[in-house]
Amino acid sequence: MKIEILINQTIKAALIELYNFNVEEGQIQIQNTRKDQPGDFTVVVFPFLKVSKKSPEETGEEIGQFIMQKIKVVQSFNVIKGFLNLEIGIDYWIENLMQACNNQNYGIEVSDDESKTVMIEYSSPNTNKPLHLGHIRNNLLGYSISEILKANGNKVIKTNIVNDRGIHICKSMYAWQKWGNGKTPENSGMKGDHLVGEFYVEFDKQCKVEIAELLEKGFTKEQAESNAPSIQAARELLLKWEANDPETVNLWKTMNTWVYKGFDLTYKKLGVDFDKIYYESETYLIGKEEVLRGVREKIFYQNEDNSVWADLTDEGLDRKILLRSDGTSVYITQDIGTAKMRYNDFQIDKMVYVVGNEQNYHFQILAVLLDKLGYAWGKDLYHFSYGMVELPSGKMKSREGTVVDADDLIEEMIQVARDMSAELGKLESLSKEEAEDTFRMIALGALKYFILKVDPRKNMMFNPEESIDFNGNTGPFIQYTYARIKSVLRKAKESNITIDYNVRLNSLSSKEKDLLKRITLFPVAIKEAGDNYSPAVIANYCYELVKEYNQFYHDFSILSESNEDQRNFRLVLSATVAQIVKKGMNMLGIEMPERM
RNA sequence: GCCCCGGUAGCUCAGUUGGAUAGAGCAACUGCCUUCUAAGCAGUAGGUCAUGGGUUCGAAUCCCGUCCGGGGUACCA
């Protein structure tokens, strides 16, 4: 039984026996003792003063005595200012270490027949431009939260909705027709998504010129924007596409294929993947049907101009448009269609959408709409709403060229890793391929950790000049510590030191104990990360663990320790730290190099 | 206007759901490579937790007001 639960029950018994008081569940607070105080667990006695009618010190003393008598592993206790600190014997901590090191699934809940199935949508790119830093945050969070939910015993289906149709795609298509000169990824050597993105930018430039001309002729801003020739041409393309015009559909397919190839490369570099991909072009009509069904069933209503609306004022929300007056669908329409399709395809207990916080309102409405349409699960959808990535110059805007491109960023990071490694004189013994692979792991480790260590709900700042470090609280620091442990273990093997996982020991230094305590917190961290949808919890846990290990590492010798039991214990401890750190970092999608 | 989110060291971020003297990294300064990997370790300096009130044994954390920043707000996605 977990010691905290045992202490909890014992205190409950103590309060009944000592003060004839039956506490409610959750009234007893047991926390880890502060590092600067003696003891392992701390009980806050303030809440019991009312019933004990004694001073905090006396109350703590009485409860402490009681616990000492009932629980063997509690070795001693002390009371300081109303905090009852309990010291747990060495056996308990060693026992815990052995559970951790002998169990590959330590801290992880394995899914079974009773497990819930969670579908997670993330990434959701538009096919008119390449991925940027904002998408990176999305992808990393989506992938990581999938892994964390798996570790909490859920079955997870990772999914992606590709926004592959609409006016924005037609803009790139039109620009390519007009200025493309038959340029393809093959004949230009350009990555497909970048190529298409280039034409999107081209379109925007042209459009601005046209609008400026119209403004000069005395048009209003609105008129100019809708009458610009290239805008009209793009609209025409959209109509043709919806009418299934073969030439248009063909071009659309071709250009999308280029983009998908490009995205696949970026996804692969990022190490994210999907179990099932949906395309808006295949779901938007279903959404439209659902909306029309809603009109027939009087859930929604139609205006005189034919636009369809939902009245959500009863829910404290506004009215929301679902189909435009020309009958075309809006953004939320396809989300309804996609949701329906997903629930037909899979048995889903919970749907999670990883989408930026700018769409909080959108998902609030989507939940209500799905509910109104009769889908029981609609209300329970979870919008994993993450904050935006900000630059020193402000918000990223693709049209203003202030985006940080995903592929560029990854390449730059790898180059920095290379340079730094050369400067430090590392990895010289490795083959070129092995070294390159390590640089890649380090670069991505730095990037991923940098993004995932911050609370996903908050906006975060990214300074391209100086943001991503390789020292301090970073991915590479954790990877480095891991590599060093691996090195020690290799050397132990070379010297024919076998590790005995049955640890014998009768004393612990405070640093060793800190590590042992930290190890017992791994399962707690996983659970907290799952409950709060927060990879940051895992990231910060790994950092704390590794930081403590480093202190231990520098203070004690391992291989040259003469006492065999002591040496064996330190090896087991190191191996366990490595195992846990690797597992934790893998939940963040970060690979761990054996050498660096 | 209305709704949602945020404000902690010069910078980037933690803060175990209300607990003890506020925690890291970067940047600055000081030590430590003849020692299992110095992408490291030890130390110095840096704080009115935006601000005013309230709740109680106890508040960065909960409630109300104010200021500042970000996002959303009926035919963009």
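Keep in mind that the numbers below use all heavy atoms, side chains included, and drop hydrogens, waters and symmetry copies. Letters go in sequence order (proteins before strands), and every chain restarts at 1.
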Between A/Tyr533 and A/Tyr382, does a ring pair (Phe, Tyr, Trp, His ring centres under 6.0 Å) hold up when you go through it step by step?
CA-CA 10 Å; A/Tyr533 290 84; A/Tyr382 181 72; 4.3 Å; yes
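- Within 4.0 Å (heavy atoms only), A/Lys81 reaches sugar-phosphate atoms of the nucleic acid but no base atom.
- Atoms OH (A/Tyr361) and C1' (B/A77) sit 16 Å apart, rounded to a whole Å.
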Under the 3.5 Å Watson-Crick or G-U criterion, the dot-bracket string of RNA chain B, with | for inter-strand pairs:
(((((((..((((.....[...)))).(((((.......))))).....(((((..]....))))))))))))....
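- By the rule that a glycosidic angle within 90° of 0 means syn, B/C11 does not qualify and counts as anti.
- Taking the side chain as every heavy atom from C-beta outward, A/Val403 and A/Leu133 never approach each other to under 4.5 Å.
- Remark: the backbone N or O of A/Ser329 is paired with a side-chain donor or acceptor of A/Arg324 at under 3.5 angstrom.
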Side chain to side chain donor-acceptor pair (under 3.5 Å), that's the test. Do A/Arg235 and A/Gln232 meet it? Break it down for me.
CA-CA 5 Å; A/Arg235 267 208 207 114; A/Gln232 289 187 327; over 6 Å; no
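- For A/Asp305 and A/Pro456, each mapped to the nucleotide of RNA chain B holding its nearest heavy atom, the one lying further toward the 5' end belongs to A/Pro456.
- The residue among A/Arg165 and A/Asp469 whose nearest nucleotide of RNA chain B lies closer to the 5′ end is A/Asp469.
- Applying the 3.5 Å distance criterion, the base of B/A20 shares a donor-acceptor pair with the side chain of A/Thr42.
- A/Glu290 pairs by the salt bridge (Lys or Arg N to Asp or Glu O under 4.0 Å) definition with A/Arg293, A/Lys340, not counting sequence neighbours.
- Taking syn as a glycosidic angle within 90° of 0, B/U17 qualifies as syn.
- Listed in residue order, the members of residues 528-544 of chain A having a heavy atom less than 4.0 Å from RNA chain B are A/Asn532, A/Asn540, A/Tyr543.
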Decide side chain to side chain contact (heavy atoms under 4.5 Å, CB included) for A/Leu571 and A/Glu561; before the verdict, give the C-alpha distance in whole Å, the side-chain angles of both, and the deciding distance to 0.1 Å.
CA-CA 10 Å; A/Leu571 280 167; A/Glu561 167 66 44; over 6 Å; no
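- When the P atom of B/A74 is taken as reference, atom CZ of A/Arg324 falls 14 Å away, rounded to whole Å.
- Here, B/A45 and B/C29 have their C1' atoms 8 Å apart, quoted to the whole Å.
- Listed by first then second residue, pairs satisfying side chain to side chain donor-acceptor pair (under 3.5 Å) with a partner in residues 35-48 of chain A read A/Thr33-A/Thr42, A/Arg34-A/Asp36, A/Lys35-A/Glu548, A/Asp40-A/Lys513, A/Asp40-A/Lys517, A/Thr42-A/Asn85, not counting sequence neighbours.
- Atom pair A/Ile167:CD1 and B/C76:C1' shows a separation of 11 Å (rounding to whole Å applied).
- Of all non-hydrogen atoms in A/Ile332 and A/Ile365, the two that sit nearest each other are CD1-CG2, 3.6 Å.
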At a cut-off of 3.5 Å, list every protein nitrogen or oxygen paired with a nitrogen or oxygen from nucleotides 2-5 of chain B, distance to 0.1 Å.
none

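- For the C1' atom pair drawn from B/G52 and B/C57, the interatomic distance equals 24 Å after rounding to whole Å.
- Atom CG in A/Leu452 sits roughly 15 Å away from atom C1' in B/A14 (whole-Å rounding).
- Aromatic stacking is not marked for A/Trp309 over B/A74, as the cut-offs of 5.5 Å for the centres and 30° for the planes do not both hold.
- The nearest whole Å value for the distance from the CD1 atom in A/Ile332 to the P atom in B/G72 is 15 Å.
- Counting to the nearest Å, the P atom of B/C76 and the CG atom of A/Asn128 are 16 Å from each other.
- In this structure, A/Met461 atom CE and B/G6 atom C1' are separated by 13 Å, rounded to whole Å.
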B/S/- contact track for nucleotides 33-46 of chain B, protein heavy atom under 4.0 Å:
---BBSBSSS----
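- Rounded to whole Å, atom P of B/A27 lies 14 Å from atom CG of A/Asn463.
- Here, B/G53 and B/C49 have their P atoms 13 Å apart, quoted to the whole Å.
- Residue A/Asp326 places no side-chain atom within donor-acceptor reach of the base of B/C75, judged by atom type and a 3.5 Å distance cut-off alone.
- B/C64 sits 22 Å from B/G69 when the P atoms are compared, rounded to a whole Å.
- B/U66 and B/G72 are spaced 23 Å apart, taking the C1' atom of each and rounding to whole Å.
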Take A/Phe300 and A/Leu369 through the test side chain to side chain contact (heavy atoms under 4.5 Å, CB included) and record every step on the way to the result.
CA-CA 9 Å; A/Phe300 308 136; A/Leu369 291 181; 3.8 Å; yes
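- Spacing of C1' atoms, B/A14 relative to B/G23, comes out at 7 Å, to the nearest Å.
- Across every non-hydrogen atom of A/Phe556 and A/Ser509, the tightest pair is CZ-OG, 3.2 Å.
- Among the heavy atoms of the strands lying under 4.0 Å from A/Val44 is at least one base atom, whether or not backbone atoms are also near.
- Nearest heavy atom pair, residue A/Asp311 against residue A/Tyr301, reads CB-CE2, 3.9 Å.
- Relative ring orientation between A/Phe363 and A/Tyr353 is described as tilted, the plane-to-plane angle lying within the 30° to 60° band.
- A 4.5 Å side-chain heavy-atom check between A/Gln479 and A/Pro476 finds at least one atom pair inside the cut-off.
- Judged by a 6.0 Å distance limit and a 45° cone about the ring axis, A/Arg137 is not positioned over the six-membered ring of A/Tyr386.
- With P as the reference atom, B/U44 and B/A22 are 16 Å apart, rounded to whole Å.
- Between A/Phe77 and A/Ile63 there is no side-chain heavy-atom pair separated by less than 4.5 Å.
- Comparing B/U16 with B/C62, their P atoms are spaced 10 Å from each other, to the whole Å.
- Proximity of the aromatic rings of A/Phe552 and A/Tyr549 is defined here by a centroid distance below 6.0 angstrom, and this criterion is met.
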